[in-house]
2 protein chains.
Amino acid sequence: MSPTARTVPTTSTTACAGRRAAGGRDWLERAEEALTAAGRRRGEARRAVLELLNNQACALTAIEIEDALRTQRRVSRASVYRILEELEELGLVQRVETGQAMVRYERVADQHEHHHHLVCGGCGVVMPFSDEGLERAISSLSERVPLTVSEHEIVLRGECRDCAA
Amino acid sequence: MSPTARTVPTTSTTACAGRRAAGGRDWLERAEEALTAAGRRRGEARRAVLELLNNQACALTAIEIEDALRTQRRVSRASVYRILEELEELGLVQRVETGQAMVRYERVADQHEHHHHLVCGGCGVVMPFSDEGLERAISSLSERVPLTVSEHEIVLRGECRDCAA
DNA sequence: CAGTATATAAGATCGAGTCTCGTTATTGTT
DNA sequence: AACAATAACGAGACTCGATCTTATATACTG
């Protein structure tokens with residue numbers, strides 16, 4: 001079995017370690033406003049997805065979102081993807097590639113609660129991190145490169161403490 | 001259509017811009033040696049893949065490899081993936097996630113011709129880059145993180161000059 | 001409250017990647 | 001050089017994340 005394409009044992013909402021997001025209240029409100037401003041109607045499926053994303057500390061996959069909502073309100077897979085795409089276009093959500101063969105999504109923080117990801121190759125757990133020095137290096141670099149850089153993504157891979165033990 | 005899952009218009013071997021890799025002679029030899037040392041036999045399919053990878057400046061997808069070889073020697077898709085996996089295990093090839101819904105592979109340079117990637121969201125072109133300051137920031141960061149970091153990957157996304165024009 | 005457009009659900013479909021298994025080819029041995 | 005033994009390979013079925021299609025339900029507008 002290929003090490004990176006393995007089935008990652010993620011228990012839906014615990015895929016990304018770390019404290020459950022606390023002060024996301026603003027994000028939910030901001031999201032609702034942005035959607036209304038964009039001329040969108042309200043729907044229960046989308047509201048459920050928004051609420052779930054608002055309570056996450058880190059990125060979820062579409063399937064994890066579908067599973068997590070199954071108990072409270074069945075949301076079709078197509079809807080999950082459609083909603084995530086809308087939210088991404090409005091800059092409310094961002095895609096995260098962790099090298100696990102599926103895309104993860106997370107809400108875009110109000111200010112710059114900007115972060116990147118640590119991925120354990122053993123158990124598949126995903127953890128957020130951020131670093132000032134790294135961001136400085138990136139932004140200075142972005143000036144000297146033959147591309148108008150609009151986003152960047154950094155993934156550190158290795159073994160978490162549990163797996164290394 | 002989702003912007004990142006779009007079908008990227010890559011013409012097989014030109015997927016990764018930049019001069020065709022020049023001094024790859026050593027890599028090919030090194031690869032052959034490593035494979036022999038690992039007790040592997042020789043096969044035509046693998047030799048074809050090795051030669052192709054040796055002439056690339058940057059990362060290719062498995063499908064691109066299959067297509068590129070189609071004219072000279074038909075190599076089964078399963079073989080391409082199996083060969084790439086072997087090479088990855090031996091540290092001769094590395095996987096690259098560019099956020100384009102498929103994995104790319106490239107040879108691992110002899111010394112530290114270590115590099116990362118710029119991806120144009122418009123045309124899908126992938127370009128290599130490297131930066132000392134960035135590497136320093138990463139390695140100092142790797143010490144302070146709750147993970148034994150073994151690899152890292154950085155992708156800058158934006159618009160290339162042609163697409164921005 | 002009727003009309004209309006958006007939101008959603010269900011399921012077909014797509015495609016990258018994986019798996020199985022029968023065939024071919026390399027290599028060490030005689 | 002013929003011969004096993006076994007690794008390398010090819011063809012195609014299969015998996016599963018993601019997308020597309022279409023019919024229905026629901027939210028706004030007048």
Side-chain angles (χ1 to χ4, degrees), chain A residues 1-10 12 15 32 35-50 59-67 69-70 72-90 95-105 124, chain B residues 1-8 10 12 15 32 35-50 59-67 69-70 73-90 95-105 124:
Chain A
M1 190 189 336
S2 145
T4 42
R6 59 205 294 275
T7 304
V8 179
T10 47
S12 58
E32 303 271 22
L35 286 162
T36 304
R40 299 285 166 73
R41 295 181 181 177
R42 295 168 177 215
E44 280 303 298
R46 190 168 59 200
R47 202 193 46 70
V49 171
L50 283 175
L60 296 181
T61 68
I63 308 292
E64 283 168 355
I65 291 171
E66 190 187 9
D67 288 347
L69 294 178
R70 201 183 304 277
Q72 45 184 97
R73 179 183 211 284
R74 182 92 182 81
V75 175
S76 149
R77 176 161 318 176
S79 297
V80 172
Y81 282 108
R82 182 176 33 71
I83 291 166
L84 289 171
E85 192 181 331
E86 289 172 357
L87 295 178
E88 196 197 355
E89 277 166 17
L90 292 172
R95 299 164 61 100
V96 179
E97 314 275 338
T98 59
Q100 292 173 319
M102 39 3 187
V103 177
R104 290 179 174 278
Y105 298 84
Chain B
M1 191 190 337
S2 146
T4 42
R6 59 205 294 276
T7 303
V8 179
T10 47
S12 58
E32 303 272 22
L35 286 161
T36 304
R40 299 287 165 70
R41 296 181 179 176
R42 299 173 173 206
E44 279 303 298
R46 190 168 61 199
R47 201 193 46 71
V49 171
L50 283 174
L60 295 181
T61 68
I63 309 292
E64 284 168 355
I65 291 171
E66 191 187 8
D67 288 348
L69 294 178
R70 198 183 305 276
R73 181 186 208 284
R74 182 90 181 83
V75 174
S76 150
R77 176 162 317 178
S79 297
V80 172
Y81 281 108
R82 182 172 28 70
I83 291 167
L84 289 171
E85 192 181 332
E86 289 172 356
L87 296 178
E88 196 197 356
E89 277 166 18
L90 292 172
R95 299 163 61 99
V96 180
E97 314 275 336
T98 58
Q100 291 173 320
M102 42 355 190
V103 177
R104 289 179 174 277
Y105 298 84

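Chain naming here is simple, since letters A, B, ... match the order of the sequence lines and numbering starts at 1 in each.
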Once you round it to whole Å, what is the distance between [atom2] of [N] and [atom1] of [X]?
X	N	atom1	atom2	value
R95(B)	dA16(C)	CZ	P	15 Å
I83(A)	dA18(D)	CD1	C1'	15 Å
R77(B)	dA16(C)	CZ	C1'	7 Å
E66(A)	dG11(C)	CD	P	12 Å
Y81(B)	dC16(D)	OH	P	16 Å
M102(A)	dC14(C)	CE	C1'	19 Å
L84(A)	dT19(D)	CG	C1'	13 Å
R46(B)	dA25(C)	CZ	C1'	13 Å

Protein-proximity profile, nucleotides 22-30 of chain D, B/S/- by nucleotide at the 4.0 Å heavy-atom cutoff, equals -----BS--

Roughly how far apart are L87(B) CG and E89(B) CD, rounded to 0.5 Å?
9.5 Å

Does A45(B) reach a base, just sugar-phosphate, or nothing at all? Heavy atoms under 4.0 Å.
sugar-phosphate

With a non-hydrogen cut-off below 4.0 angstrom, is R82(B) in contact with a base, only sugar-phosphate, or nothing?
base

Go through the structure and list residues passing side-chain hydrogen bond (donor to acceptor under 3.5 Å, both in side chains) with T98(A), not counting sequence neighbours.
Q100(A)

Pick out which of R104(A), R70(A), R77(A) makes a salt bridge (Lys or Arg N to Asp or Glu O under 4.0 Å) with E64(A).
R104(A)

Is there a side-chain polar atom (N or O) of S79(B) under 4.0 Å from OP1 or OP2 of dG10(D)?
yes

Among all residues two or more places apart in sequence or in another chain, which pass the side chain to side chain contact (heavy atoms under 4.5 Å, CB included) test with [X]?
X	value
S76(B)	A78(B), S79(B)
V103(B)	R95(B), E97(B), Y105(B)
A62(A)	V80(A), Y81(A), L84(A)

Validation: residues 39-46 of chain B side-chain donor-acceptor distances under 3.5 Å, sequence neighbours left out:
from, atom 1, to, atom 2, distance (Å)
E44(B), OE1, R47(B), NH2, 3.2
R46(B), NH1, E86(B), OE1, 3.2
R46(B), NH2, R41(B), O, 2.2

